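Read the structure below first, then the notes.
We're numbering straight along the sequence, starting at 1. All values derive from a computational prediction rather than experimental measurement.
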Amino acid sequence: MAALRAALAASLAVARAWPPPLGRHPPSACCSALAGAMEPAPRWLAGLRFDNRALRALPVETPPPGPEGAPSAPRPVPGACFNRARPEPLRRPRVVALSGPRWRCWAWAREAEAALFFSGNALLPGAEPAAHCYCGHQFGQFAGQLGDGAAMYLGEVCTEAGERWELQLKGAGPTPFSRQADGRKVLRSSIREFLCSEAMFHLGVPTTRAGSCVSSQSTVVRDAFYDGNPRPEPCAVVLRLAPTFLRFGSFEIFKPRDEHTGRAGPSVGRDDIRLQMLDYVISTFYPEIQACHPGTTSVAVLLQVTRRTARLVAEWQCVGFCHGVLNTDNMSIVGLTIDYGPFGFLDRYDPDHVCNASDTAGRYSYSKQPEVCKWNLQKLAEALDPALPLELAEAILAEEFDAEFGRHYLQKMRRKLGLVQTEQEGDGALVAQLLETMHLTGADFTNSFYLLNSFPTAPESPDLDGFLAALTAQCASLEELRLTFRPQMDPRQLSMMLMLAQSNPQLLALIGTRASLARELERVEQQSRLEQLSEAELHGKNRSRWAAWLHNYRARLEKDREASSDAATWQAERTRVMRANNPKYVLRNYIAQGAIEAAESGDFSEVRRVLKLLETPYGGEVEAEAAEPAEASEAAETGGAAGRRRSYSSKPPLWAAELCVT
C-alpha cells in the first residue's frame with residue numbers, strides 16, 4: 001500500500017500543474033485548415049480539410065453486404081469502436097438556424113447548401129460517416145451495448161489554430177445501434193439541443209457545440225409524453241461539434257457480464273482495443289500527459305478526467321443547470337457537457353428539482369449531480385482496469401474529486417457574490433445560507449443572483465428598501481406555491497400506498513414507490529400549510545428572511561472592501577466580476593417552448609431571436625437588438641406559449657409549471 005501511495009503522489013504532483021487545452025494539437029500537413037474558407041460559396045467546400053484520425057486509430061467494422069444505401073440492421077458490434085454508416089435523406093430540408101457567428105469553415109455557405117449538407121442529404125467532401133459503439137450504466141444499471149443510435153460521426157476538421165473538431169449529425173437515420181428506433185430526432189428536441197449547446201458555451205460552461213439545426217417535411221410518429229397519444233412530428237438534424245464525442249461508456253464495451261443485469265459489453269476480453277483507445281485519447285486530447293508521464297499515462301489521464309468532470313459539474317451547479325440523464329454514456333472523456341436531452345435550468349430554487357419527468361426516483365436531481373458524476377467516474381475507473389489498476393484509480397477519485405469540486409464551486413460562488421479581494425473560512429456557510437434563503441422563499445435562482453449585482457453596499461443605504469422589494473418580487477407567490485405543491489396522487493391511491501407501507505414495506509421498496517410516496521406526503525403537508533397562509537404573511541416572511549441574509553452579506557462585503565486600498569476601484573471590480581458571472585438570460589423551458597411552437601408552425605424567427613439573445617447571456621449590445629419582445633406581458637398566464645411572449649428575463653409564467661420534458 002505504501003508503494004501504491006508513493007506512485008499516486010508522484011503522478012499527481014506533476015499532473016496537477018496543468019489542464020491541457022481542449023481540442024488542440026500541433027498543426028500538421030493534413031490540417032491545411034480551411035484555406036479558402038472565406039471564399040464565396042460553393043468554394044467553401046474546398047476549404048474543408050478532414051483528418052479522420054479516430055477511424056485510423058481505432059478499429060472500424062464495415063457492415064455486412066446489403067442493398068446499396070440500406071442501413072445495417074441493429075445488432076451487436078464486437079471488436080470495433082466504430083461501424084460504417086450512411087445518413088438517410090430527408091424530404092425538403094430547411095435551415096432553422098445556424099449558430100453565430102458562423103463557424104469559419106462554412107461562413108459563406110448559403111442556407112440551401114447548409115440544408116443539403118447538414119441534413120445528411122449530401123456528404124461533405126472528405127467525410128466518412130460512422131457510428132460509435134459504446135455501452136453505459138443507465139439510471140444505475142448496466143444496459144450493455146448502446147452506441148450512436150441517432151448520431152453519426154462525419155469526420156474531423158482541423159483549423160489553422162491547431163483545433164480539431166469532430167463533426168456529428170444527430171438525427172440522420174438508423175445505425176447498427178438504433179435498436180428498435182428509427183435513428184431520427186424531431187424538431188422540438190433538436191431545437192432544445194441546438195439552443196442549449198450554444199447557451200452553455202456563451203455562459204462559459206464546457207460543452208459540445210451546435211453548428212446548425214435543419215428541419216424537413218419528413219415526419220416520424222412520437223408519443224412525446226408516453227401517455228398513449230402519439231402524433232407525427234417533423235424530423236430534424238443537428239450538426240454537433242466537439243474535440244471528440246468519446247465518453248465514459250466508450251470504455252465500457254469491454255465490461256464482463258454484469259452481476260445485476262446479466263448484460264455484457266460487446267468486446268469483452270479485448271484488452272488490446274482498450275489500450276488502443278486509451279493511447280488514442282491520451283495522444284490526441286491529452287498530449288502533455290504523454291510528454292510528462294511516459295510511464296504513468298493512465299494515472300495522469302484519469303486524474304485529468306476527474307478534475308475536469310468535477311469542475312464541469314461545479315459550473316452546472318453555479319448556473320442552475322440540470323442535465324437530466326447523467327448516465328455513463330452521457331459523460332464526456334474530455335470534460336464537456338454532452339447529449340442535451342431532458343435538461344432544464346432552475347427557475348424557483350429547489351435543490352431536489354428533477355428536470356426529467358422520466359426520473360421518478362429523482363436519481364439525477366439538481367443537488368445529486370456532483371455525487372452522480374463521481375459515481376460515473378467510479379464506473380470509468382472500473383472500465384479502465386487492468387490498464388489502470390482499480391485500487392490506484394479509486395485512490396485518485398477519493399483524493400481528487402470532492403476537493404476539486406469544492407474548490408471550484410466556492411471560487412465560482414465567490415465571484416457570483418462579488419467577493420474579489422479575500423477568501424474567508426465562512427464563505428461556504430454564507431453561500432449555503434443564501435441557497436437556504438432561496439429555497440425557503442421560493443426565489444428565482446437566476447434572477448436573484450442577477451439582482452445581487454446591484455446590491456447597495458453602503459451602510460444605511462436609502463436604496464435598501466427598494467432592493468428588498470425587487471428581491472422579494474422574485475420569490476414564489478402563494479398561487480405559484482399552491483400549484484407547485486398540489487398533490488399528484490388520487491387520494492384513494494395515496495391511502496392504498498400508505499397501507500402498503502405499513503403492511504409490506506419490502507414490497508413498496510421493490511416496486512420503487514417509496515421515494516414517490518415521501519414526496520407526495522410532503523406535497524400534502526405543504527398544501528395544508530399554504531391553505532392557512534395569506535399573501536401578506538408570505539411576503540412578510542420572505543422579506544425578513546432576505547433581510548437577515550443581506551445583513552450578513554453586507555458585513556462580508558465590508559471586510560472585502562477593507563482589504564482594498566481604494567473603495568472606488570474595489571466597487572468597480574466587484575461590479576465587473578459579478579456581471580461576468582451572474583447571467584441575465586438562461587434557456588428556461590418556457591422560452592424554448594415558445595421557440596418550438598413557432599418553429600412547428602413554420603416560423604423560425606423566434607429560434608433565431610432566442611439564439612442571438614443567448615449569445616450574450618450576461619447582457620450587452622446584442623441584447624438590445626435581440627431583444628425583449630415588445631409585446632411581453634406579465635399578465636398573460638394562460639394558453640400556449642406562442643402569442644404570449646413575456647420578457648426573456650422574467651420569472652416563468654404559471655403555465656410553465658405544466659411543461660413536461662422526458
Side-chain angles (χ1 to χ4, degrees), residues 74-79 132-149 177-181 226 246-271 273-274 277 302 305-306 309 313 323-333 338-339 341-342 354 356-365 368-398 401 500-501 504-518 662:
R75 58 192 173 77
V77 179
H132 176 43
C133 181
Y134 54 81
C135 294
H137 281 79
Q138 299 192 320
F139 291 89
Q141 302 296 316
F142 186 65
Q145 177 179 291
L146 299 169
D148 284 335
F177 310 109
S178 296
R179 300 183 290 282
Q180 303 304 313
Y226 305 104
L246 293 183
R247 51 204 70 206
F248 292 7
S250 301
F251 287 90
E252 291 189 291
I253 63 173
F254 315 106
K255 179 176 170 57
R257 183 178 179 276
D258 185 82
E259 62 178 331
H260 301 293
T261 66
R263 298 187 178 100
S267 297
V268 178
R270 293 300 304 270
D271 289 347
I273 300 178
R274 188 195 334 254
M277 193 188 305
L302 182 62
V305 174
T306 297
T309 303
V313 69
H323 185 283
V325 197
L326 276 178
N327 302 325
T328 57
D329 54 291
N330 292 334
M331 299 289 296
S332 165
I333 202 68
I338 190 172
D339 286 350
V354 177
N356 179 1
S358 303
D359 184 9
T360 54
R363 176 181 175 85
Y364 299 142
S365 67
K368 290 180 181 176
Q369 290 185 136
E371 172 190 339
V372 167
C373 285
K374 186 177 181 181
W375 189 91
N376 288 341
L377 281 163
Q378 169 69 29
K379 296 303 163 188
L380 173 63
E382 294 170 10
L384 291 175
D385 187 43
L388 173 60
L390 184 58
E391 187 178 7
L392 182 56
E394 289 176 336
I396 292 171
L397 295 184
F401 183 86
L500 183 61
N504 197 339
Q506 292 82 7
L507 177 60
L508 187 71
L510 186 65
I511 60 178
T513 55
R514 180 180 292 172
S516 299
L517 179 60
T662 61

- [ ] Kindly indicate, with the supporting measurements, whether the criterion side-chain contact (heavy atoms from CB on, under 4.5 Å) is fulfilled by R274 and D271.
- [x] CA-CA 5 Å; R274 188 195 334 254; D271 289 347; 2.6 Å; yes
Task: D329, D339, T328 screened by side-chain hydrogen bond (donor to acceptor under 3.5 Å, both in side chains) with R247, the one that passes - done: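 Only one option passes, and that is D339.
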Task: Worked check of side-chain contact (heavy atoms from CB on, under 4.5 Å) between Y364 and V354 - done: CA-CA 7 Å; Y364 299 142; V354 177; over 6 Å; no
Nearest 0.5 angstrom please: [X] [atom1] to [Y] [atom2], how far?
{"X": "L326", "Y": "K368", "atom1": "CG", "atom2": "NZ", "answer": "12.5 Å"}
{"X": "D359", "Y": "T662", "atom1": "CG", "atom2": "OG1", "answer": "12.0 Å"}
{"X": "S250", "Y": "M277", "atom1": "OG", "atom2": "CE", "answer": "5.5 Å"}
{"X": "C133", "Y": "I253", "atom1": "SG", "atom2": "CD1", "answer": "5.0 Å"}
{"X": "Q141", "Y": "R263", "atom1": "CD", "atom2": "CZ", "answer": "9.0 Å"}

If we only count heavy atoms from C-beta on, is the [X] to [Y] side-chain gap below 4.5 Å?
{"X": "K379", "Y": "F142", "result": "no"}
{"X": "L302", "Y": "T306", "result": "yes"}
{"X": "P266", "Y": "C135", "result": "yes"}

Open item on the list: Is there a side-chain contact (heavy atoms from CB on, under 4.5 Å) between I396 and L377? Walk through the geometry before answering.
Closed with: CA-CA 10 Å; I396 292 171; L377 281 163; over 6 Å; no
How close do [X] and [Y] get, heavy atom to heavy atom, and via which atoms?
{"X": "F251", "Y": "F254", "result": "O-CD1, 3.2 Å"}
{"X": "N376", "Y": "F248", "result": "O-CD2, 3.6 Å"}
{"X": "H260", "Y": "D258", "result": "N-OD2, 2.9 Å"}
{"X": "C373", "Y": "M331", "result": "SG-CE, 3.7 Å"}
{"X": "R179", "Y": "P74", "result": "O-CG, 3.1 Å"}
{"X": "P256", "Y": "A264", "result": "C-CB, 3.8 Å"}

Open item on the list: Out of the candidates Q378, E371, K374, only one should pair with F401 under the side-chain contact (heavy atoms from CB on, under 4.5 Å) rule; please name it.
Closed with: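 Going through Q378, E371, K374 one by one, the side-chain contact (heavy atoms from CB on, under 4.5 Å) with F401 is satisfied by K374 alone.
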TODO: Over 60° means perpendicular and under 30° means parallel, so classify the ring planes of W375 and H137, tilted if in between.
DONE: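 Perpendicular, since the angle between the ring planes exceeds 60°.
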Task: N327 side-chain N/O to G136 backbone N/O, donor-acceptor pair under 3.5 Å - done: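 Judged by distance alone, no pair lies under 3.5 Å.
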Task: Residue pair L380, L384: steps toward the side-chain contact (heavy atoms from CB on, under 4.5 Å) verdict - done: CA-CA 6 Å; L380 173 63; L384 291 175; 4.2 Å; yes
